[in-house]
Amino acid sequence: MAGEHALPNALRRRGLMFVLSSPSGAGKTTISRMLLAADPEIKLSVSVTTRPMRPGERHGVDYHFVDDAEFDRMVEDDDFYEWAHVFGHRYGTPKGHIRAALKEGQDFLFDIDWQGTQQLIQKDKQDVVPVFILPPSIDELRRRLEARAQDSEAVIQARMDRARAEISHWDAYDYVVINDSVDLCFARVREILHAERIKRRRQTGIIDFVRELMGQSAVTTVAGPA
Ligand SMILES: Nc1nc2c(ncn2[C@@H]2O[C@H](COP(=O)(O)OP(=O)(O)O)[C@@H](O)[C@H]2O)c(=O)[nH]1
Ligand SMILES: Nc1ncnc2c1ncn2[C@@H]1O[C@H](COP(=O)(O)OP(=O)(O)O)[C@@H](O)[C@H]1O
C-alpha cells in the first residue's frame, strides 16, 4: 500500500526544547522525572552546577557537579548555551550536540530558571516551548520545601523569599500549569508536549506526505469515472 512507505516520512519532525520552570518547590523536578520515565522521545539536558550534590542526586544524571574553577573554565571556553546565578550558585546548560540532535528529531527537557529560559528564547525561539509551573498556594509551597527535607531552614526561607520574584516572570511563558494534583499537572504537561510536537512547522516530513496525497488525488481525478 502507498501509505505504508509514506508513514515514516510523514512522522519525521524537528525536535523541541521543552522548558519547565517554577519557583523552587513547586514540583518541576517531580514532573520532569515523570516525563522522562514515561516518554522515550525526550531526554534531559543535564545542567552544570556549582551547588553541592543533594542526597539521592547522581553526578551526570541530575547535574554535572563542578567546582568554581571548572565552571570559570567552561565560561571562558564558551561551553555554555546559557548560564545564570541562582541561590548563590551558578547553573549552566552545556552546548553539547543540542542543535544537531534537534534537527534529527530529538526532544530535550530543560529544568532551568527564567533567566536561562529568556536566553534560550533569544537564541532559538522557534524550538523553545516554555512552560511555567505554579504551586496551588504559598503555604503549600513552604510545606513542600519542608517535606522535601533537603534544605536547612535558612535555605528554605531564602527559597520562599525568592518565590514571589520568580512567580513574577510567569507571563514570559507560553504555558502556565498549576501543580495541585501531581497526576493532573503531569497530564497537562504531556498534552502540551504532544500538541507542540505536531505543530506544522515541526513536522518536517509532512510536506512530502501532503505532496504525495495531492498526487494521489490528481491521479484519482484523472483516472476516475466521469
Ligand atoms: N539558567 C539556568 N537555571 C538552571 C539550570 N539548571 C537548573 N537551574 C535552575 O536553578 C534553580 C535551582 O535549582 P536546584 O538547585 O536544582 O533547586 P530546585 O529549585 O529545588 O530545583 C531552579 O530554578 C532550576 O530550574 C541551568 O542550566 N540554567
Ligand atoms: N502535586 C504535588 N503534591 C504534593 N507534593 C508534591 C507535588 N509535586 C511535588 N511535590 C513534592 O514537593 C517537593 C518539591 O518538589 P520538587 O519536584 O523537588 O520541586 P522543584 O523541583 O520545583 O524544586 C517534593 O518533596 C515533591 O515530592
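Counting convention: from 1, in listed order, for ligands and their atoms alike. Worth knowing before you read on, the calculation uses all heavy atoms, side chains too, and leaves out hydrogens, waters and symmetry mates.
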Can you tell me if [X] has a non-hydrogen atom under 4.0 Å from ligand 1?
X: R148; result: yes
X: H89; result: no
X: R159; result: yes
X: S21; result: no
X: F110; result: no
X: R51; result: yes

What protein heavy atom lies closest to [atom]? Include the residue and the distance to one decimal.
atom: atom 28 (N) of ligand 1; value: E82 OE2, 2.8 Å
atom: atom 22 (C) of ligand 1; value: K28 CE, 3.8 Å
atom: atom 5 (C) of ligand 1; value: Y91 CB, 3.4 Å
atom: atom 27 (O) of ligand 1; value: S47 OG, 2.7 Å
atom: atom 19 (O) of ligand 1; value: S24 OG, 3.0 Å

TODO: Report the part of D113 in contact with ligand 1, treating N, CA, C, O as backbone and CB onward as side chain, heavy atoms under 4.0 Å; options are side chain, backbone, both, neither.
DONE: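 For D113, backbone and side-chain atoms both sit under 4.0 Å from ligand 1.
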
Task: Heavy-atom neighbours of I178 CD1 exceed 12 at 6.0 Å - done: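 Incorrect, the count does not exceed 12.
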
Task: Pair E82-Y91, side-chain donor/acceptor within less than 3.5 Å - done: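 No, no side-chain donor-acceptor pair sits under 3.5 Å.
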
Open item on the list: Could you work out, with ring pair (Phe, Tyr, Trp, His ring centres under 6.0 Å) as the rule, every residue matching H169, not counting sequence neighbours?
Closed with: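 W114.
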
Open item on the list: Would you say the rings of F80 and F71 are close, in the sense that their centroids are separated by under 6.0 Å?
Closed with: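 Aromatic pair counts; centres sit under 6.0 Å.
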
- [ ] Sort and list the pairs that fulfil salt bridge (Lys or Arg N to Asp or Glu O under 4.0 Å) and have at least one residue in residues 155-164, not counting sequence neighbours.
- [x]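 Pairs touching residues 155-164 that pass the test: D151-R159, R162-E166.
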
Task: Ion pair check, R13 and D107, cut-off under 4.0 Å - done: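 Between D107 and R13 there is a salt bridge, with a charged N closer than 4.0 Å to a carboxylate O.
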
Please tabulate, line by line, the atom pairs linking an N/O of ligand 2 to a protein N/O at a distance below 3.5 Å, with the distance in Å to 0.1, or answer 'none'.
unit_1   : atom_1 : unit_2 : atom_2 : d
ligand 2 : 1 (N)  : R144   : NH2    : 3.3
ligand 2 : 1 (N)  : N179   : OD1    : 2.8
ligand 2 : 1 (N)  : D180   : O      : 2.9
ligand 2 : 1 (N)  : V182   : N      : 3.3
ligand 2 : 3 (N)  : R144   : NH2    : 3.2
ligand 2 : 8 (N)  : N179   : ND2    : 3.1
ligand 2 : 17 (O) : T29    : N      : 3.4
ligand 2 : 17 (O) : T30    : N      : 2.8
ligand 2 : 17 (O) : T30    : OG1    : 2.6
ligand 2 : 18 (O) : R148   : NH1    : 2.9
ligand 2 : 19 (O) : G27    : N      : 3.1
ligand 2 : 21 (O) : T29    : N      : 2.9
ligand 2 : 21 (O) : T29    : OG1    : 2.4
ligand 2 : 22 (O) : S22    : OG     : 3.3
ligand 2 : 22 (O) : G25    : N      : 3.4
ligand 2 : 22 (O) : A26    : N      : 3.4
ligand 2 : 22 (O) : G27    : N      : 3.0
ligand 2 : 22 (O) : K28    : N      : 2.9
ligand 2 : 22 (O) : K28    : NZ     : 3.0
ligand 2 : 23 (O) : G25    : N      : 2.7
ligand 2 : 23 (O) : R148   : NH1    : 2.9

TODO: Please indicate whether any nitrogen or oxygen in W83 is less than 3.5 Å from any nitrogen or oxygen in ligand 1.
DONE: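 W83 vs ligand 1: no N/O contact under 3.5 Å.
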
Open item on the list: Enumerate the side-chain hydrogen bond (donor to acceptor under 3.5 Å, both in side chains) contacts for residues 61-75, please, sequence neighbours excluded, ordered by first and then second residue.
Closed with: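 The answer is R33-D62, D68-R90, E70-R73, D72-R90, R73-D77.
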
